[in-house]
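Below: the structure, in structure tokens.
Heavy atoms only: backbone and side chains are in, while hydrogens, waters and symmetry mates are out. Below, read A as the first sequence line, B as the second, and so on, with proteins coming before strands; counting in each chain starts at 1.
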Number of protein chains: 2
Amino acid sequence: MIGSARSIHDEAAVRLHGTGQRYTEQRRRLIEILSRAGSPMSIPEILRCRRGLPQSSVYRNLADLETAGVVRRIVTDEEFGRYELNEDLTGHHHHLFCAVCGRTSDVRLGPHLEEQLDAALDTIAREAGFADVRHRLDLIGTCADCARRFEPTDATG
Amino acid sequence: MIGSARSIHDEAAVRLHGTGQRYTEQRRRLIEILSRAGSPMSIPEILRCRRGLPQSSVYRNLADLETAGVVRRIVTDEEFGRYELNEDLTGHHHHLFCAVCGRTSDVRLGPHLEEQLDAALDTIAREAGFADVRHRLDLIGTCADCARRFEPTDATG
DNA sequence: CTTCCTGCAAAAGTTTTGCATTAAC
DNA sequence: GTTAATGCAAAACTTTTGCAGGAAG
């Protein structure tokens, strides 16, 4: 997690300039949306919450922001991708997502378990001859709302 | 992991019949391909290795096999999905995939770490009000071949 | 004033579906 | 004989790209 002396917007601008790109109004809006959401957002969601953003520009800008290391694209079981701020801006975390409605939220493991996991995965990666290995740990389940909707506790339907 | 008294094909047939579906020649072939591969296969790969399988039937059959609980669709960072035999047929495992070429292989954690992880994730899921939670732990890196190809150890390039 | 960004429309990619025919039970 | 599976083609879906006009540095 980056020091907070710089705002997220300043940091985004610096990283974009580093790859010869500009921090335009639309890119600022995207960062603002992702920053406020606090959990990964799909492009359909972004387009729905902000009418007036053309989808091709949103796809292109998110791809550029990913190249600059400001955002990250993640995959779930859904048919479309989701974007979130890069982990070095928000801290290492994992995802809990609902298999029914797609709701996604961030969760964090205790540092002790995370270290053990890292050590075990590093060993596995080394044995397989893999380099630059990172991990992705997600929880997939049914959120409370969807559980209520589809599996009521009494039988009155 | 299911007892081995039944072959994978018998088990597949039983599960398909349970959902009112038939175990046809093409479905048997798909199971055979996935079983021999030993790691998740994409549909393009399946179509390439077995000419004569129409893609719409492959998509449909894999979806039916997933409904019957025989195979599982997984997502990687690639643009298409991959299929593998269901975990209760092959045992719980994780995936190591190459971000460059897409090569995917199975890896297993030690039982001790897996138990700790399960316990921690169960707690997290309960606190978030999620039910029926399973986890997905993947390693993403650069395989040895791709590392050689793109980051040679000497500078003769 | 040069380079990059924007926005529209069209294309590319994977995945799904309609429908007539064929195969399984 | 009834129901489900097949295979072709066409559609739906997310995502990418070409290009002319506009904005940023």
May I ask you to say whether E66(B) pairs ionically with R73(B), meaning some side-chain N is under 4.0 Å from a carboxylate O?
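No, E66(B) and R73(B) are not salt-bridged.
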At under 4.0 Å, does any side-chain N or O of [X] touch on OP1 or OP2 of [N]?
| X | N | result |
| --- | --- | --- |
| R60(B) | dT16(C) | no |
| Q26(B) | dG7(D) | yes |
| S57(B) | dG7(D) | yes |

Parallel, tilted or perpendicular: ring planes of H135(A) versus H94(A), cut at 30 and 60 degrees:
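Aromatic pair H135(A)/H94(A) classed parallel.
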Candidates [options] - which lies nearest the side chain of [X]:
| X | options | value |
| --- | --- | --- |
| Y59(B) | dT6(C), dT14(C), dT17(D) | dT14(C) |
| P54(A) | dT15(D), dG7(C), dC5(C) | dG7(C) |
| R27(B) | dA5(D), dT14(C), dC5(C) | dA5(D) |

Heavy atoms under 4.0 Å, any strand shown: does [X] hit a base, just sugar-phosphate, or nothing?
| X | result |
| --- | --- |
| T24(A) | sugar-phosphate |
| N61(A) | sugar-phosphate |
| E25(B) | nothing |

Looking only at non-hydrogen atoms, find the nearest pair between Q26(A) and V58(A) and report the distance.
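Shortest heavy-atom separation between Q26(A) and V58(A) comes out as OE1-N, 3.9 Å.
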Atom [atom1] of [X] and atom [atom2] of [N]: how far apart are they, to the nearest Å?
| X | N | atom1 | atom2 | result |
| --- | --- | --- | --- | --- |
| E45(B) | dT14(C) | CD | P | 12 Å |
| Q55(B) | dC13(D) | CD | C1' | 14 Å |
| L30(B) | dG7(D) | CG | P | 11 Å |
| R28(A) | dT6(C) | CZ | P | 13 Å |

With a 4.5 Å cut-off on side-chain heavy atoms, are D77(B) and I140(B) touching?
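Heavy-atom side-chain distance check passes, below 4.5 Å.
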Please examine the side chains of P44(B) and F80(B), heavy atoms only from C-beta on, and report whether any two atoms are closer than 4.5 Å.
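Yes, their side chains come closer than 4.5 Å.
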Test for a donor-acceptor pair under 3.5 Å between the base of dG22(D) and the side chain of R22(A), counting only N and O atoms.
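Counting by modelled atom types and ignoring angles, no donor-acceptor contact under 3.5 Å is found here.
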